[in-house]
Protein chains: 2
Amino acid sequence: MNDNNKKNHYRYSRQRERLLVILRSTSSHPTAAWLYDRLKPEFPHLSPGTVYRNLTILIEQGLVRKIDAGSTFDRFEAKTDPHYHLICRKCGTITDFEKRFFTEIDEEIRSSTDFAIDGHRIDFFGTCADCRAKS
Amino acid sequence: MNDNNKKNHYRYSRQRERLLVILRSTSSHPTAAWLYDRLKPEFPHLSPGTVYRNLTILIEQGLVRKIDAGSTFDRFEAKTDPHYHLICRKCGTITDFEKRFFTEIDEEIRSSTDFAIDGHRIDFFGTCADCRAKS
DNA sequence: CTACTTGCAAACTATTTGCGTTACG
DNA sequence: CGTAACGCAAATAGTTTGCAAGTAG
């Protein structure tokens, strides 16, 4: 009956606002730990729980997305427009790719399964320019 | 100087052989816990460590792949031929899709980045037939 | 015999949660 | 004022690791 355990409405929180601002100001797809370290000087009593709870809320609000890129930890991004990720096999860096979105492939899948497809995620793997320069 | 901590060669192990057979006999993309439960009756003294260690070895050998599908736990598959995953948003089931592989999209990305792309992964999201029937 | 593999148990890491307090609306 | 959000600390979940004993080659 209850929609899991989502709140009725969200109250303003300075910590959450700053978290979103920082997340929007970087393209590095940071981890929760990185965000915590980044925010700690501003809020000396900040706790990891607060970071995680706020990330969850921001995700519920559709302002942030969680990324799995094969690590043991989660990464986050505030980009909400459709885009892909280029993941470097050497250094793990994630780079956004937004020049092209292959909406047409969903249609191809739809036509040959009984799955009701509403979206897709693509990660491209390879070696970034920096890593190639180093070897 | 040392190649991380990989072994010089792999010795035969009955546990590992059975693990691979079971993994090859299912299309359910199981978790380590599921594999452990499945193998436990055959090896009453089996430990989780053995399952994880052997999965790591099978991955190094290129016989098994680890899948991240947004869960807190890893899933594994013994399919090594290129294919995609259809992930149900309701029940989390992962279904293989192998009818079509979009090799051409790598080329499109290559031409507009300085990333040396050598492969991609696509996950399609939606609702599976079973879940649609239930609602 | 050498060193890879095992079982067991303890350790580890990232994340979540309970609780009493603070503060937004 | 009611209840969402906080900080703190303890708990959890999944996975990894150290060690002594077993075993493949």
Side-chain angles (χ1 to χ4, degrees), chain A residues 2-21 23 29-61 63-77 92, chain B residues 2-23 29-61 63-76 92:
Chain A
N2 194 343
D3 221 274
N4 264 346
N5 34 6
K6 290 187 186 163
K7 314 277 163 51
N8 297 326
H9 56 95
Y10 303 107
R11 198 171 278 184
Y12 172 83
S13 133
R14 204 161 119 55
Q15 284 87 335
R16 181 157 70 248
E17 181 185 54
R18 293 292 302 136
L19 195 58
L20 182 58
V21 168
L23 212 33
H29 312 83
T31 62
W34 185 92
L35 290 164
Y36 172 80
D37 290 343
R38 191 70 204 289
L39 216 47
K40 185 77 173 176
E42 277 183 62
F43 302 94
H45 295 289
L46 185 69
S47 88
T50 298
V51 172
Y52 282 107
R53 268 187 285 237
N54 279 316
L55 284 170
T56 304
I57 292 175
L58 289 169
I59 289 170
E60 282 171 9
Q61 294 178 327
L63 298 170
V64 166
R65 276 204 297 237
K66 192 186 280 195
I67 310 170
D68 354 279
S71 345
T72 53
F73 41 80
D74 294 331
R75 289 167 158 267
F76 302 87
E77 67 179 357
Chain B
N2 195 344
D3 222 274
N4 263 346
N5 35 6
K6 289 189 185 160
K7 313 279 164 50
N8 298 326
H9 56 93
Y10 301 108
R11 198 171 276 182
Y12 172 84
S13 134
R14 205 161 118 54
Q15 285 87 335
R16 181 156 70 247
E17 181 184 55
R18 293 292 301 134
L19 194 58
L20 182 57
V21 168
I22 290 175
L23 211 32
H29 312 82
T31 63
W34 185 92
L35 290 163
Y36 172 81
D37 291 343
R38 191 71 203 289
L39 217 46
K40 185 77 173 176
E42 276 183 61
F43 303 94
H45 294 288
L46 185 69
S47 86
T50 299
V51 172
Y52 283 107
R53 269 187 287 237
N54 279 316
L55 284 170
T56 304
I57 291 175
L58 290 169
I59 290 171
E60 282 171 7
Q61 294 178 326
L63 298 170
V64 165
R65 277 206 294 238
K66 192 186 281 194
I67 309 170
D68 355 276
S71 345
T72 53
F73 42 81
D74 293 332
R75 289 167 158 267
F76 301 88

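In the text below, chain A, chain B and the rest are named by the order of the sequence lines, each starting its count at 1.
Residues satisfying the side-chain hydrogen bond (donor to acceptor under 3.5 Å, both in side chains) test with Y36(B), not counting sequence neighbours, are K40(B). In this view, R16(A) and N54(A) satisfy the side-chain hydrogen bond (donor to acceptor under 3.5 Å, both in side chains) rule, not counting sequence neighbours. Taking the side chain to side chain contact (heavy atoms under 4.5 Å, CB included) definition, one finds that R65(A) meets it with E77(A), H83(A), sequence neighbours left out. Residues satisfying the side-chain hydrogen bond (donor to acceptor under 3.5 Å, both in side chains) criterion with R75(A), sequence neighbours excluded, are absent altogether. The salt bridge (Lys or Arg N to Asp or Glu O under 4.0 Å) search around E42(B) returns R18(B), not counting sequence neighbours. Scanning for side chain to side chain contact (heavy atoms under 4.5 Å, CB included) contacts around L63(A) gives L20(A), R24(A), L58(A), Q61(A), with sequence neighbours left out. Qualifying side-chain hydrogen bond (donor to acceptor under 3.5 Å, both in side chains) partners for D68(B), counting only residues two or more places apart in sequence or in other chains: R121(B).
Between the CG atom of D68(B) and the C1' atom of dA14(C) there is a distance of 15 Å, given to the nearest Å. In this structure, CH2 of W34(B) is placed 17 Å from P of dG14(D), rounded to the nearest angstrom. Atom OH of Y52(A) is separated from atom C1' of dC6(D) by 17 Å (rounded to the nearest Å). Atom CD of E60(B) and atom P of dC4(C) are 12 Å apart (whole Å). Remark: C1' of dT16(D) and CZ of F73(A) are 16 Å apart, rounded to the nearest angstrom. Between the CG atom of L39(A) and the C1' atom of dC6(D) there is a distance of 13 Å, given to the nearest Å. In this structure, the CZ atom of R75(B) is 17 Å from the C1' atom of dT15(D), given to the nearest Å. Atom CG of L55(A) is separated from atom C1' of dT17(C) by 16 Å (rounded to the nearest Å).
Among residue pairs with one or both ends in residues 47-56 of chain B, none qualify as salt bridge (Lys or Arg N to Asp or Glu O under 4.0 Å); sequence neighbours excluded.
What you find for W34(B) and I22(B) is that their closest heavy atoms are CZ3-CG2, 4.0 Å. Among all heavy-atom pairs drawn from A32(A) and F76(A), the shortest one is N-CE1, 3.9 Å.
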TODO: Go through the steps for T50(A) and L39(A) under the test side chain to side chain contact (heavy atoms under 4.5 Å, CB included), then give the verdict.
DONE: CA-CA 11 Å; T50(A) 298; L39(A) 216 47; over 6 Å; no
Task: Nucleotide-resolved protein contact map, nucleotides 19-25 of chain D, B/S/- at heavy-atom distance under 4.0 Å - done: ----BBS
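Taking the C1' atoms of five terminal pairs at each end of the helix from dC12(C)-dG14(D) to dG25(C)-dC1(D), the two resulting helix axes are inclined by 30°, rounded to 10°.
Interface residues of residues 40-50 of chain B facing DNA chain C, ordered by number: H45(B), L46(B), S47(B), T50(B); criterion, heavy-atom separation under 4.0 Å.
Considering only side-chain N and O atoms, Q15(B) lies nowhere under 4.0 angstrom from the phosphate OP1 or OP2 of dT5(C).
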